[in-house]
Amino acid sequence: METLQAIPLNHYILLSVLLFSIGVMGVLLRRNAIIIFMCIELMLNAVNLLMVAFSAHHGDGKGQVFVFFIMAVAAAEVAVGLSILIMMHRNTNTTDIGFLNKLKF
Amino acid sequence: MVVFSKNPIHSVLYLVLTFFAIAGHYLLLNAQFLAVVHIVVYAGAIMVLFLYVLMLLNLNVDAEPVKKNWVKYAGVLSGGLLMLTLVATFHKAETMPMIQNKPEIGLTANLGKILFGEFALPFEISSVLLLSAMVGAIMLSKKEVKK
């Protein structure tokens, strides 16, 4: 276990920066709303990973409880977002976000 | 892989792979409870929801319109610049070795003590949030009543 715990904290910071940037790039690049949702999930997970890393570093369990709450909020967000997406697909027959530039159908 | 695959189903599968990798990182950080919850919630529930919506909507591979080239370049450029800035910011941070002075903090019993002792009210509020999200999702995706 000693070899596993010798990973410095900076590597976790770099990994979550990488994940977050991939998520931002995906939101900027893609037009499909489902993939944009997935990239938002990716960004949330980058933050979660960083929070667990700092929580383990400080020996404080509150960070992990907070990650638990973030997971609950993410689940709620995905449920509502996907239902909005289904309604949008039913009304406009596409999932392209470029069609939604008028805020009404 | 999540971003650049044309087929959205492949994208979902790569995202599942990423989530399992993150769960492995949680295990390495001695957060066993969070690793299990992460696998159950993300890889189990959310990804199944995504796949279900993809199959319900029956999206084709070429359903996505081709973007203009300069938009793609601008997206890659701004994402890369963000990554470069953040990496350069944290690159010079002093390297601290991970000292886990309390490795038992991520176990279910200790997390439960914190969750139901100090954070009992936010826990109840999040349950109300999940309930309202469930009702809202059903209301939104229900077909409109014919008048």
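Values in this document were obtained by computation on a predicted structure and should not be read as measured data. In the text below, chain A, chain B and the rest are named by the order of the sequence lines, each starting its count at 1.
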Should [X] and [Y] count as side-chain neighbours, where that means a heavy-atom distance under 4.5 Å?
X: B:His25; Y: A:Leu15; result: yes
X: A:Phe37; Y: B:Leu49; result: no
X: A:Met71; Y: B:Leu34; result: yes

Is there a path of hydrophobic side-chain contacts, each under 4.5 Å between heavy atoms, that joins [X] and [Y]?
X: B:Phe119; Y: B:Leu129; answer: no
X: B:Phe116; Y: B:Val37; answer: yes
X: B:Leu28; Y: B:Phe20; answer: yes

Got a sec: does the CZ of A:Phe66 have more than 12 other heavy atoms crowding it under 6.0 Å?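 It does not: A:Phe66 CZ has 12 such atoms or fewer within range.
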If I compare all heavy atoms of [X] with all of [Y], which pair ends up nearest, and what's the gap?
X: B:Ile46; Y: A:Ala75; answer: CD1-CA, 4.1 Å
X: A:Val67; Y: B:Tyr26; answer: CG1-OH, 4.4 Å
X: B:Ala137; Y: A:Ala79; answer: CB-O, 3.9 Å
X: B:Val12; Y: A:Met38; answer: CG2-SD, 3.5 Å
X: B:Leu130; Y: A:Ala72; answer: CD2-O, 3.6 Å

So, taking the atom named CG in A:Leu44 and the one named OH in B:Tyr42, what distance separates them when rounded to the nearest 0.5 Å?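 It is 5.5 Å, given to the nearest 0.5 Å.
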For chain A, find which of B:Met47, B:Glu118, B:Met134 contributes the most heavy-atom pairs closer than 4.5 angstrom.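 Maximum pair count with chain A is reached by B:Glu118.
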Would you please test A:Leu19 and B:Thr18 for side chain to side chain contact (heavy atoms under 4.5 Å, CB included) and show each step? CA-CA 10 Å; A:Leu19 270 178; B:Thr18 313; 4.1 Å; yes
Considering only heavy atoms, which portion of A:Leu14 lies under 4.5 Å from any heavy atom of chain B: side chain, backbone, both, or neither?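 For A:Leu14, the contact with chain B is made by the side chain alone.
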Below 4.5 Å, heavy-atom pairs only: which of A:Val80, A:Val78, A:Ile86, A:Val52 has the largest tally toward chain B?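 Top count of heavy-atom pairs under 4.5 Å with chain B: A:Val52.
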Option that, when pairs with chain B are counted at under 4.5 Å, heavy atom only, ranks first among A:Ile84, A:Leu18, A:Val65, A:Val24: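 So the answer, after comparing A:Ile84, A:Leu18, A:Val65, A:Val24, is A:Val65.
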Parallel, tilted or perpendicular: which fits the ring planes of A:Phe68 and B:Phe33, with parallel below 30° and perpendicular above 60°?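 It falls in the tilted class, 30° to 60°.
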Could you walk me through whether B:His38 and A:Asn45 pass side chain to side chain contact (heavy atoms under 4.5 Å, CB included), step by step? CA-CA 10 Å; B:His38 189 268; A:Asn45 273 290; 2.8 Å; yes
